[in-house]
Amino acid sequence: MQYKAPMRDIQFVYHELLKSEEHFKSIPAYAHVGREDVDSLLEMAASFSENELSPLNRVGDEVGCKYDNGNVITPPGFKEAYKQYCELGFPALSAEEEFGGLGMPFSLSTVINEMVGTANWSLSMYPGLSHGAIATVEHHGTDEQKRTYLEKMVTGEWSGTMCLTESHAGSDLGLVRTKAEPQEDGTYKINGEKIFISAGEHDMTDNIIHIVLARLPDAPKGTKGISLFIVPKFLVKEDGSVGERNGVKCGSIEHKMGIHGNSTAVLNFDGATGYLIGPKNRGLNCMFTFMNVARIGTAVQGLSASEYAFQGGLTYAKDRLAMRSLSGAKEPEKSADPIIVHPAVRNMLLTSKAFAEGGRALVYYLGMFADSVAKAEGEEQKFADEMLSLLTPIAKAFLTETGYESANHGVQIYGGHGFISEWGMEQNVRDTRISCLYEGTTEIQSLDLLGRKVLGSQGKLLRNFSKIIHKFCKEHEENDEMGQFIRPLAKLNKQWGDLTARIGMQAMQNPDAVGGAAVDYMYFSGYVTLAYLWARMALIAQTELNAYETTERDFYDAKVKTAQFFFAKLLPRTETYIKRIDSGVEPFMSMKVEQFAF
Ligand SMILES: Cc1cc2nc3c(=O)[nH]c(=O)nc-3n(C[C@H](O)[C@H](O)[C@H](O)COP(=O)(O)OP(=O)(O)OC[C@H]3O[C@@H](n4cnc5c(N)ncnc54)[C@H](O)[C@@H]3O)c2cc1C
């Protein structure tokens, strides 16, 4: 399958829905960013993704990464494509100017990541991990650490990783055992084993900068006793060049279900020299800088899976002939009608389209808040931070789960051919499955949303967003054409608050209630969040259709129709989530472990 960047929709969401130009002007650090610059970068990314990255997607899957005595050889063409990615300046895009970055908004990187990632997710993960590592060093590094590492990471000459997971510790990082022994010269000796490290070893860059969680000898148990270290693959000499090999080696790479083009490494730290970054025992807090970038990046993977499935499914559904439309032949000159005439096929196509375009709106919306967190000030920054806190777990969990649903629809639309490798649909299912697992599983994101973000803030973070939705509904309640969207949205917005209060009450009786409700609550929240964004998109499209002699009637009309599909066919799923939550935790918990099987 050949990826085609959905430029018109990208422009619609970024410029028309989220008013990127006004947004840049409102933040002094981005006031210089103009529409023309943005559009030419987007064109560049689109052409690179379509022509260079997309053709390598299947090679990456079929050939995969090869392990050779501590080294990893990436699939044919990956190294060259990565070099081009760096030459285009993409690693530097939203990095700080002081260290060679271009100082562009994070939201713009998010848009570009969508194109790069949909074309070739495995390849996009190599620079993807570096973005998080760069952000961590920018935020928490000393001046010397910034001088030593950032410039080369920003050009893409060096890449970065995120080393958290150990064989016994994934969701629960409080169990991390890797040790960090202080040395007289102020460095640390790192000993331990990390597993599942994405881009942990490869042949694309001269050095790899690992950001590693480890425990000091006297550290308290649990998450409050974890510190963060920079551990370069090659030590860096005084003059900034690459020096001798550090004591970190790749023991093997995993054989896995998907993303074969990205190396998933076991890393053995054997007395490796590490440099503390951030305060002692506060490593997990510092790591959140990395994880937040990575979580938005993973939310993008969900939208990418929906987009990919939609593009492939649409091409096939217009071409494949099978049976006649029940309402009479649509293409009588052919031996049968194309399958796009059948409502069931349209259901799958429109589901993927609604998740892809709605997901695009959600991740770009998040990107805008991330811009404000990075560069706005005062109340505006605080508010953006709170919105980002609330919406990140929703975007990560909801978009990856719905991305997986769409990927399966992609296979289904192709019938038996969907199961065959050459069409690319089964690869999409395999590649995207990991997005529901890494960067915090769906269950962990759901707990974070309900437990930490919503109940943990006594509902404040949710109220912030509910007020935005309420204001939007009030402003347009008199608009007859919008009633079909505004009425259900206003009702769901109220139900969201009521549902939260009921879970809070359940939790006072039974602490398991939060765990019991969390995943259903995340889905409910995801649908309402997308409903808000779909209603806004419908409003813009309807306004265009009413007010202007637009040459793009079909585009805007399709927007309204996709919004109608979302509200009529997908949003009613929320009723099930309410019922499931209200039925309480007993149906999960009443069975004794011994009763599960006989
Ligand atoms: C291809 C790949 C790439 C990866 N890349 C990286 C990387 O670059 N860096 C890195 O550090 N790690 C990486 N990981 C690791 C990944 O982040 C973890 O696998 C993930 O966080 C889950 O941890 P776990 O596998 O230990 O599962 P566990 O934590 O053992 O979870 C098992 C199951 O129990 C559930 N569960 C656990 N606790 C709870 C709870 N309290 N409530 C409800 N359910 C719960 C989980 O949701 C899951 O379904 C990668 C993994 C893979 C497979």
Exercise for review: State whether a side-chain donor-acceptor pair under 3.5 Å links Thr165 with Lys194.
Suggested key: no
Review point. At what distance, to the nearest 0.5 angstrom, does CG of Leu164 lie from OG of Ser171?
Key: 11.0 Å
Check your understanding: Strictly by modelled atom types, are Arg573 and Tyr523 linked by a side-chain donor-acceptor pair under 3.5 Å?
Key -> no
Practice item. Check whether more than 12 heavy atoms from other residues, nucleotides or ligands sit under 6.0 Å from atom NZ of Lys189, and answer yes or no. Key: yes
Study note, to complete from the structure: CD1 (Ile469) and CG (Leu533) are apart, to the nearest 0.5 Å, by 8.5 Å
Review point. Using a distance-only test with no angle check, is there a side-chain donor-acceptor pair under 3.5 angstrom linking Tyr126 and Ser198?
Key: no
**Study point:** Atom CD of Gln412 with >12 non-hydrogen neighbours under 6.0 angstrom
**Key:** no
Point to revise | Cation-aromatic face contact Arg452/Phe288, 6.0 Å, 45 degrees | key: yes
Review point. Any side-chain heavy atom of Asn120 within less than 4.5 Å of one from Ser122?
Key: yes
Point to revise | Donor on one side chain, acceptor on other, Glu166 and Thr178, under 3.5 Å | key: yes
Exercise for review: State, yes or no, whether a side-chain contact exists between Leu492 and Phe524 at a heavy-atom distance under 4.5 Å.
Suggested key: yes
Check your understanding: Hey, does the Lys NZ or Arg CZ of Arg433 hover above the aromatic six-ring of Tyr404, less than 6.0 Å from the centre and inside 45° of the axis?
Key -> yes
Review point. When Val454 is tested against each of Asp448, Ile503, Thr500 for side chain to side chain contact (heavy atoms under 4.5 Å, CB included), which residue passes?
Key: Thr500
Point to revise | Residues, nucleotides or ligands: over 12 heavy atoms within 6.0 Å of His255 NE2 | key: no
Practice item. Take atom CD of Glu193 as the centre, draw a 6.0 Å sphere, and report whether it contains more than 12 heavy atoms from other residues, nucleotides or ligands. Key: yes
Practice item. Taking atom CE of Met257 as the centre, report whether more than 12 heavy atoms of other residues, nucleotides or ligands fall under 6.0 Å from it. Key: yes
Check your understanding: Any luck finding a side-chain donor-acceptor pair between Trp496 and Ser525 under 3.5 Å?
Key -> yes
Exercise for review: Taking atom types as modelled, find out whether Ser306 and His409 have a side-chain donor-acceptor pair closer than 3.5 angstrom.
Suggested key: no
Run the side-chain donor-acceptor check on residues 508-519: report pairs under 3.5 Å with partners two or more places apart or on a different chain.
{"residue": "Asn510", "atom": "OD1", "partner": "Asp512", "partner atom": "N", "Å": "2.9"}

Practice item. With sequence neighbours excluded, tell me which residues meet side-chain contact (heavy atoms from CB on, under 4.5 Å) with Cys250. Key: Tyr67, Val72, Glu201, Ile253, Ala265, Leu267
Check your understanding: Taking atom types as modelled, is there a side-chain donor on Thr74 or His202 under 3.5 Å from an acceptor on the other?
Key -> no
**Study point:** Note, Arg245 side chain near Phe234 side chain (heavy atom, < 4.5 Å)
**Key:** yes
Check your understanding: Would you find more than 12 non-hydrogen atoms of other residues, nucleotides or ligands less than 6.0 Å from Lys224 atom NZ?
Key -> no
Exercise for review: Would you please classify the geometry between the Tyr527 ring and the Tyr577 ring as parallel, tilted or perpendicular, with 30° and 60° separating the classes?
Suggested key: parallel
Practice item. Take the angle between the ring planes of Tyr82 and Tyr85 and call it parallel below 30°, perpendicular above 60°, tilted in between. Key: parallel
Review point. Nearest 0.5 Å, what's the OG1-CZ distance between Thr223 and Arg282?
Key: 10.5 Å
Review point. Considering residues, nucleotides and ligands other than Asp270, do more than 12 of their heavy atoms fall under 6.0 Å from its CG?
Key: no
Check your understanding: So do Thr392 and Arg295 actually touch side chain to side chain, heavy atoms under 4.5 Å?
Key -> yes
Point to revise | Check: Ser389 main-chain N/O paired with Lys453 side-chain donor or acceptor under 3.5 Å | key: yes
Study note, to complete from the structure: Looking only at heavy atoms, the pair that brings Ile277 and Cys286 closest together is O-SG, 4.5 Å
Check your understanding: Charged N to carboxylate O under 4.0 angstrom, Glu138 versus Lys146?
Key -> no
**Study point:** Atom pair CG/OG1 of Leu303 and Thr400 - distance to nearest 0.5 Å
**Key:** 11.5 Å
**Study point:** Pairs touching residues 457-467 that satisfy salt bridge (charged side-chain N to carboxylate O under 4.0 Å, His left out), sequence neighbours left out
**Key:** Glu386-Lys460
Practice item. Describe, in one word, how the ring planes of Tyr532 and Tyr365 are oriented to each other, choosing from parallel (under 30°), tilted (30 to 60°) and perpendicular (over 60°). Key: tilted
Check your understanding: Can we call the ring centroids of Phe229 and Tyr188 under 6.0 Å apart?
Key -> yes
Exercise for review: Check the side chains of Tyr364 and Glu114 for a donor-acceptor pair under 3.5 angstrom, ignoring hydrogens and angles.
Suggested key: yes
Review point. Do NZ/NE/NH1/NH2 and the carboxylate oxygens of Glu357 and Lys353 come within less than 4.0 Å?
Key: yes
**Study point:** Sidechain-backbone polar pair: Asp61 side chain, His260 backbone, donor-acceptor under 3.5 Å
**Key:** no
Review point. If you measure from the Lys or Arg side-chain nitrogens to the Asp or Glu carboxylate oxygens, is any gap between Asp582 and Arg502 under 4.0 Å?
Key: yes
Check your understanding: Of all heavy-atom pairs between Ser466 and Asn493, which one has the smallest distance, and what is that distance?
Key -> O-ND2, 3.0 Å
